[in-house]
Amino acid sequence: MTVTIREKTMATIAFIGLGNMGNPMAANLVKAGHAVLGFDLVPENLTVAKEHGVTVMANAVAAVKDADVVITMLPAGKHVLSVYEDIAPKAKKGALLIDSSTIDVESARKAHAIAAKHGLPSIDAPVSGGTGGAAAGTLTFMAGGSDAAFAAAEPILKPMAGRIVHCGGDGAGQAAKICNNMILGISMIGVAEAFVLAEKLGLSHQALFDVASTSSGQCWSLTTYCPVPGPVPASPANRDYKPGFAAALMLKDLKLSQEAAQSAGAVTPLGAEATQLYGLFNAQGNAGVDFSGIINFLRGDKN
């Protein structure tokens with residue numbers, strides 16, 4: 001399987017789940033010369049996919065029947081497992097299954113087991129980088145699975161990726177994603193709190209940024225995704241917090257981190273607090289707002 005995919009200049013790839021992340025990812029695979037067969041439950045998503053050169057299929061089973069590789073990008077573990085149960089018995093012999101959804105580790109391992117039952121290599125490969133990274137082909141893929149499955153997947157992932165990291169065995173990609181996004185949620189709250197305090201102290205946004213971005217307070221949430229308008233022109237704060245990564249998705253990932261922490265017996269008090277704060281922020285009607293917009297919640301704004 002590894003040799004077959006590496007030697008082919010073009011693979012037939014089924015892409016199931018063509019939403020805000022899946023569609024630009026599929027588009028980059030088309031640009032790389034792959035034949036992409038797509039399916040999504042939302043008709044509008046299929047229209048966009050077709051414009052990107054994806055061949056739209058009637059259902060998931062039809063999409064995978066002749067595919068060398070199957071990529072899924074779905075909302076939750078239950079959706080991944082349901083799709084895997086449907087497609088694994090119908091997939092082409094030896095087809096590689098790549099799940100890029102962000103789901104719980106237990107579901108990821110169950111998905112691997114379904115694939116193995118039908119003799120299909122598989123990796124869990126969630127991503128970091130948001131819709132901007134998906135469009136630019138600069139996503140970070142965190143992969144879990146066997147060495148052989150990863151070797152087969154790597155050339156397929158490259159057109160969508162800025163970096164691809166093999167994190168370990170089955171479920172390791174999801175474990176890395178959950179830990180990373182717990183750091184992200186915590187750090188964004190910390191950066192936002194610092195800007196709110198600076199405002200109260202009469203310090204300008206630019207002054208704090210100029211100091212912290214070159215000092216020990218430096219982090220991605222500050223230097224790349226600054227939660228106030230001005231210092232980082234590309235950040236959502238300059239677009240009224242139109243989401244690159246919605247608050248609802250951050251809350252989903254933080255909840256996954258806390259479920260994992262409870263299961264593993266890990267103590268994560270800051271992760272728990274971040275989960276609570278993003279829960280409150282979402283409950284105020286901000287689920288569709290970028291997660292950096294939590295600065296307005298910390299200011300005491302009701303919306």
Side-chain angles (χ1 to χ4, degrees), residues 14-22 25 39-41 59-61 63-64 69-91 95-129 134 139-146 149-150 152-153 156-157 164-185 245-246 248-266 268 271-272 275 278-279:
F15 207 115
I16 301 168
L18 296 164
N20 292 334
M21 291 293 292
M25 291 168 70
F39 176 70
D40 194 280
L41 291 173
N59 52 58
V61 171
V64 308
V69 180
V70 179
I71 301 175
T72 44
M73 177 61 91
L74 300 166
K78 63 182 180 181
H79 304 114
V80 173
L81 294 176
S82 176
V83 168
Y84 268 45
E85 290 284 8
D86 287 343
I87 68 172
K90 304 295 183 180
L96 171 65
L97 305 189
I98 300 173
D99 180 45
S100 286
S101 317
T102 296
I103 62 176
D104 60 286
V105 176
E106 182 182 356
S107 291
R109 289 173 177 162
K110 287 180 179 178
H112 279 282
I114 293 169
K117 178 182 175 182
H118 294 277
L120 305 173
S122 61
I123 65 166
D124 53 290
V127 301
S128 178
L139 294 169
T140 294
F141 283 85
M142 295 151 268
S146 70
F150 176 75
I156 299 298
L157 299 178
I164 306 167
V165 181
H166 189 196
C167 299
D170 294 359
Q174 296 296 347
K177 173 66 184 288
I178 289 167
C179 292
N180 177 76
N181 278 24
M182 186 175 73
I183 294 171
L184 178 60
F245 186 59
L249 296 177
M250 174 53 75
L251 179 59
K252 170 195 167 185
D253 289 358
L254 286 168
K255 285 181 175 178
L256 288 174
S257 78
Q258 294 312 290
E259 290 170 9
Q262 185 175 9
S263 175
T268 57
T275 305
Y278 272 102

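None of the values given here were measured: they were computed from a predicted structure. What's counted below: heavy atoms across the whole structure, side chains too, no hydrogens, waters or symmetry copies.
In this structure, OG in S82 is found 10.0 Å from CD1 in I87, a value given to the nearest 0.5 Å. The structure places CG of L96 at 11.5 Å from CZ of F150, a figure rounded to the nearest 0.5 Å. Atom CD1 of I183 sits about 12.5 Å away from atom CD1 of I178, to the nearest 0.5 Å. To the nearest 0.5 Å, atom CZ of residue F15 and atom CD1 of residue I98 are 9.5 Å apart. Rounded to the nearest 0.5 Å, atoms OG (S107) and NE2 (H112) are 11.5 Å apart.
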- Query: Stepwise, does the side chain to side chain contact (heavy atoms under 4.5 Å, CB included) test hold for L74 with I103?
  - Reply: CA-CA 9 Å; L74 300 166; I103 62 176; over 6 Å; no
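Nearest approach of A95 to A91, heavy atoms of both residues: CB-CB, 4.4 Å. The two atoms that bring S122 and A149 nearest to each other are O-CB, 3.5 Å, heavy atoms only. Minimum heavy-atom separation, A176 to C167: CB-SG, 3.8 Å. Here the closest non-hydrogen pair linking I16 and A60 is CD1-CB, 3.8 Å. For the residue pair A88 and L120, the shortest heavy atom distance occurs at O-CD1, 3.7 Å. Residues S100 and F141 share a closest heavy-atom pair of OG-CE2, 3.6 Å.
Using a 4.5 Å cut-off on side-chain heavy atoms (C-beta onward), V127 and M73 make contact. Side-chain contact between I156 and I71 is present, with at least one heavy-atom pair separated by less than 4.5 Å. Inter-residue side-chain proximity for Y84 and D99 is flagged as met; some heavy-atom pair is nearer than 4.5 Å. Using a 4.5 Å heavy-atom cutoff, the side chains of D253 and F245 are in contact. The shortest distance between side-chain heavy atoms of I123 and L157 falls below 4.5 Å. H79 has its side chain out of reach of S101: every pair of non-hydrogen atoms, C-beta onward, lies at least 4.5 Å apart. For the pair T275/L251, a side-chain contact is recorded, criterion being any heavy-atom separation below 4.5 Å from C-beta on. A heavy-atom distance below 4.5 Å is found between the side chains of S128 and N180.
Counting heavy-atom neighbours within 6.0 Å of D86 CG, excluding the residue itself, gives a total above 12. At most 12 heavy atoms of other shown residues, nucleotides or ligands fall within 6.0 angstrom of atom NZ in K255.
Note on K110 versus E106: salt bridge recorded, some NZ/NE/NH1/NH2 to OD/OE distance being below 4.0 Å.
Here the side chain of D124 pairs no donor or acceptor atom with the backbone of A108 at under 3.5 angstrom. In this structure a side-chain-to-backbone donor-acceptor pair under 3.5 Å is present from S257 to L254. With K252 contributing its side chain and T102 its backbone, the two residues share a donor-acceptor pair below 3.5 Å.
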